[in-house]
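Remarks on the structure that follows.
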Amino acid sequence: MPNITLPDGKKLAFKEKVSGLKVAEKISKSLAKEALVISVDGKLKDLSYEIEKDCEVKILTSKDKDGLDTIRHDTAHILAMAVQELFPGTQVTIGPTIENGFYYDFSRKEPFTEADLKKIESKMSEIVDRDEPTYREVWDRDEAISHFKKIGENYKSEIIKDIPKNEEISIYFHGKWHDLCRGPHLSSTGKIGKNFKLTKVAGAYWRGDSKNEMLQRIYGTSWASKKDLDNYIKRLEEAEKRDHRKLGKEMDLFHFREESPGAVFWHQRGWTLFQKLIDYMRKKQNEAGYKEINTPEVLDRSLWEKSGHWEKFGAHMYTSETPDEKVFAIKPMNCPGCVQVFNQGLKSYRDLPYKMSEFGKVHRYEPSGALHGLLRVRAFTQDDAHIFCTEDQITDESLSVTNLILNIYKDLGFENVILKYSDRPDLRVGEDEVWDKAEKALLEAVKATKLEYSINKGEGAFYGPKIEFVLRDAIGRDWQCGTLQVDLNLPGRLGASFVDKDGSKKVPVMLHRALFGSLERFIGILIENYSGKLPFWISPSQIMVIPVSEDFNDYSVEVNKKLIASGLNSEVDLKNHNLNYKIREHSLSKVPILLICGKKEVDSNSVTIRQLDSTKQENMELKKFINHYQALNKAPSL
RNA sequence: GCCCUUGUAGCUCAGCUGGUAGAGCAAUUGAUUUGUAAUCAAUAGGUCCGCGGUUCGAGUCCGUGCGGGGGCACCA
């Protein structure tokens with residue numbers, strides 16, 4: 001005689017056990033129609049689940065995240081069903097839901113093609129039309145294993161072996177087709193609707209381990225309505241339009257080529273952007289008390305052996321043998337070089353915290369499959385810094401780093417930042433006592449920011465805990481950029497020390513920190529965030545001066561000269577094209593300000609301003625224009 | 001690194017079942033001198049990613065290497 005409590009606190013009493021669907025019907029007809037699954041005391045169950053005891057029940061529809069997830073999970077099943085109907089002999093493995101969709105991993109000798117996806121999609125629609133009932137059975141473990149083995153589903157039987165002994169082995173049937181699954185599922189194949197689409201095929205390792213065989217993964221997306229599906233597809237298209245590789249070409253910023261995969265060939269405009277970012281950060285860092293240094297790119301093998309990089313990261317390092325048979329490595333990190341600068345001369349406790357910044361170019365031999373435009377490269381410039389301090393200074397220094405980072409992100413248009421804090425991993429160096437202190441100090445700093453943060457247990461570096469800074473861009477994507485790591489290891493390994501108050505030598509703690517991480521990567525993120533339409537102050541091509549006709553070339557050249565002399569990035573377009581043509585061309589390459597110069601302007605010593613994405617025309621005296629835009633030619637916080 | 005896919009003019013792309021390449025834009029030249037998102041015409045432009053093979057004949061088929069793309073693994 002179950003008494004059921006609904007989310008609004010209302011109670012329903014039933015004389016005997018009752019299915020989820022019946023409960024929904026009792027509440028309202030329309031709810032029963034929309035109901036997908038139910039939650040019983042927080043656990044998801046099928047609508048057909050029989051409630052026997054007192055409990056809290058929530059009826060879930062496609063408006064609930066769990067409801068939508070169930071639609072996606074069902075779509076994954078129907079994908080598997082369709083694949084097995086079309087391609088007998090294909091083995092199924094796992095098919096979970098993911099953000100915005102689902103995937104299913106298959107084992108089959110022949111590859112799935114894009115054309116196959118279309119075929120599979122139609123088969124899936126057919127299965128939806130068949131509206132086959134879904135039901136659940138609980139099987140005996142050993143029977144289930146031998147059953148799946150017998151029908152050639154070896155992966156499934158392996159999965160069953162790994163299910164904890166106290167859990168039920170539930171099998172879901174959609175018509176005749178069945179699959180091992182935890183559930184829950186919708187009551188029939190017709191319920192999922194047809195708002196799905198298969199998006200791509202890809203390889204994926206069995207159990208995510210590169211030592212295992214590779215399966216074929218089919219990705220798909222599935223939604224509660226056609227409108228939601230269309231919106232999702234539109235969002236994908238929007239992201240594609242923002243692709244920094246495409247925009248980088250259109251805006252003439254950089255290119256890549258075969259001779260050096262994963263290394264950027266910066267064009268004039270791209271390099272201007274790069275330098276502007278560095279100039280800006282240099283100002284901010286100097287203000288914050290950093291001393292900028294620079295260390296060699298190529299360093300003897302012995303240093304990397306001492307620092308531990310040779311052993312731990314050797315596989316990712318570029319090395320080079322000189323004619324006299326010495327082995328050098330191109331630096332994959334700046335820290336050892338920086339410690340050597342610290343080691344010059346005696347340091348006193350009075351010198352601490354000692355903060356050194358370096359725009360260091362590092363090279364890392366990344367696996368070829370990892371490369372991705374500016375976002376993952378083999379040669380990049382870190383906005384790196386190392387802070388040598390005492391254990392007691394960790395919190396204050398971390399806090400000041402965090403403030404600097406947030407301040408800089410804000411200037412560049414990223415106000416939405418979350419933190420990820422990672423503490424000690426199993427494999428680590430250093431005394432637990434010191435770890436206790438370092439973790440506490442760092443976490444204190446995290447809390448002091450009052451920002452949203454997550455704790456990643458055991459994900460810290462082997463040499464110390466860390467914070468990572470994740471920023472959210474204009475279309476809601478998260479990017480991990482800055483990092484702050486406490487290092488309890490390297491200063492000792494490389495013999496760094498300072499003289500303390502009592503005259504004894506002590507090993508300092510070192511903080512590694514990067515604001516953007518990699519300037520290359522950050523520029524990629526910046527381009528995507530703004531769709532290439534960068535804020536005026538950071539734009540590498542701020543102004544294009546355009547004469548209305550040849551007669552006004554001289555005036556336009558004069559204007560351009562004055563703008564450049566005022567520190568603005570200006571160019572003049574004297575090509576033999578008409579005004580419309582030039583406006584189109586420079587608008588497409590995202591120049592923020594077009595200055596039109598014709599008779600009117602010459603006569604009044606003025607310019608007519610046309611801003612990117614606006615058809616408004618504003619005439620302004622040249623002097624006034626220069627003053628106005630000179631004032632805008634710096635970061636908001638400067 | 002692994003799986004799939006892809007590589008033709010500066011760019012974007014066409015080229016059916018094998019018969020030594022084509023468009024638009026860009027470039028160059030000429031005409032036009034333009035007032036807010038593509039003026040007109042002519043010309044030039046290619047080891048069809050590299051290497052090997054099959055074939056009378058390969059951009060096209062096969063093998064292999066390199067690069068790009070989508071994932072997986074990796075990301076100190």
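Every value quoted in this text rests on a predicted model; they were computed, and no experiment measured them. Below, chain A is the first sequence line, B the second, and so on; all start at residue 1.
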Report task. Write down the distance between CG (A:L215) and P (B:C4), rounded to a whole number of angstrom. Result -> 13 Å
Query - Rounded distance in Å - NZ (A:K582) to P (B:A26) - result: 14 Å
Query raised in the report: Using atom C1' of each nucleotide, how far apart are B:U28 and B:U64 to the nearest Å?
Result: 41 Å
Query raised in the report: Can you check the A:R207 CZ to B:C72 C1' distance for me, whole Å?
Result: 16 Å
Report task. Would you classify A:Y219 as touching base, sugar-phosphate or nothing, given that sugar-phosphate means primed atoms plus P, OP1 and OP2, and contacts are heavy atoms under 4.0 Å? Result -> sugar-phosphate
Report summary line: Rounded to whole Å, NZ of A:K246 lies from P of B:C13 at a distance of 11 Å
Report task. May I have the distance from A:K249 (atom NZ) to B:C25 (atom P), rounded to whole angstrom? Result -> 19 Å
**Report entry** Distance, P atom - from B:C11 to B:G50, rounded to whole angstrom
**Finding:** 15 Å
Report summary line: If pairing means Watson-Crick or G-U wobble with both distances under 3.5 Å, then the partner of B:G10 is B:C25
Report task. Establish, from distance only, whether the side-chain atoms of A:T113 and A:D116 form a donor-acceptor pair under 3.5 Å. Result -> yes
Requested in this report: Using the C1' atom on both, measure B:U47 against B:A21 and round to a whole Å.
Outcome: 14 Å
Query - Who pairs with B:C51 - Watson-Crick or G-U, where each distance is under 3.5 Å - result: B:G63
Query raised in the report: If the sugar-phosphate is the primed atoms plus P, OP1 and OP2 and the base is the rest, what is the B/S/- string for nucleotides 59-70 of chain B, using protein heavy atoms under 4.0 Å?
Result: -------SSSSB
Requested in this report: Please determine if A:R108 and A:E110 form a salt bridge, counting it only when a charged side-chain N lies under 4.0 Å from a carboxylate O.
Outcome: yes
Requested in this report: May I ask which nucleotide in the shown strands pairs with B:C16, Watson-Crick or G-U wobble, both distances under 3.5 Å?
Outcome: none
Query raised in the report: Reading nucleotides 34-46 of chain B from the 5' end, what letters show protein touch, with B for base, S for backbone sugar-phosphate only, - for no heavy atom under 4.0 Å?
Result: BBBBBB-------
**Report entry** B:C25 and B:A44, which share atom name C1', separated by this distance in whole Å
**Finding:** 16 Å
Requested in this report: Evaluate the ring planes of A:W271 and A:F274, with Trp represented by its six-membered ring, and classify them as parallel (under 30°), tilted (30 to 60°) or perpendicular (over 60°).
Outcome: parallel
Query raised in the report: Heavy atoms, side chains only, cut-off 4.5 Å: are A:E397 and A:F388 in contact?
Result: no
Report task. Measure the distance from CD on A:E366 to C1' on B:A73 and round it to the nearest whole Å. Result -> 13 Å
**Report entry** Polar side-chain contact A:Y205-B:G71 base: donor and acceptor under 3.5 Å
**Finding:** no
Report summary line: Answer for the Watson-Crick or wobble partner of B:A58, both distances under 3.5 Å, is none
**Report entry** Atom-to-atom span, CZ of A:R376 to C1' of B:C74 - whole angstrom
**Finding:** 6 Å
Query raised in the report: Once you round it to whole Å, what is the distance between P of B:C3 and CD of A:E110?
Result: 16 Å
Query raised in the report: Can the ring centroids of A:F112 and A:F87 be said to lie less than 6.0 angstrom from one another?
Result: yes
Report task. Would you mind checking if A:E238 and A:K234 are paired as a salt bridge, meaning a charged N to carboxylate O distance below 4.0 Å? Result -> no
Query raised in the report: Centres of the A:F102 and A:H77 rings: under 6.0 Å?
Result: no
Requested in this report: Could you check whether the rings of A:F265 and A:H255 sit parallel, tilted or perpendicular, using 30° and 60° as the cut-offs?
Outcome: parallel
Query - Close aromatic pair by centroid cut-off 6.0 Å: A:W223 and A:F196 - result: no
Query - Euclidean distance for P, B:G63 against B:C3 (whole angstrom) - result: 14 Å
Report task. Taking atom C1' in both B:G52 and B:U43, compute the distance separating them and give it to the nearest angstrom. Result -> 39 Å
Report task. Please work out if A:Y463 contacts a base, only the sugar-phosphate, or nothing of the nucleic acid, heavy-atom cut-off 4.0 Å. Result -> sugar-phosphate
Report task. Could you tell me which nucleotide pairs with B:G35 by Watson-Crick or G-U wobble geometry, both distances under 3.5 Å, or answer none if nothing does? Result -> none
Query raised in the report: Of the non-hydrogen atoms in A:K306 and A:R493, which two are nearest, and what is the gap between them?
Result: O-NE, 2.8 Å
**Report entry** Among A:R521, A:K361, A:E520, side chain to side chain donor-acceptor pair (under 3.5 Å) partner for A:T381
**Finding:** A:E520
Query raised in the report: Going by heavy atoms closer than 4.0 Å, what residues in residues 307-316 of chain A are next to RNA chain B?
Result: A:F313, A:H316
Query - Min side-chain heavy-atom separation A:Y453-A:I455 under 4.5 Å - result: yes
Query raised in the report: Any salt bridge between A:K246 and A:E250, counting N to O under 4.0 Å?
Result: yes
Query - Pairwise P distance for B:G15 and B:G7, with rounding to whole Å - result: 11 Å
Requested in this report: May I ask you to verify whether the side chain of A:R217 and the base of B:C4 hold a donor-acceptor pair under 3.5 Å?
Outcome: no
Query - Ring geometry between A:F414 and A:Y409 (parallel below 30°, tilted from 30 to 60°, perpendicular above 60°) - result: perpendicular
Query raised in the report: B:U5 and B:A58: how far apart are their P atoms, nearest whole angstrom?
Result: 26 Å
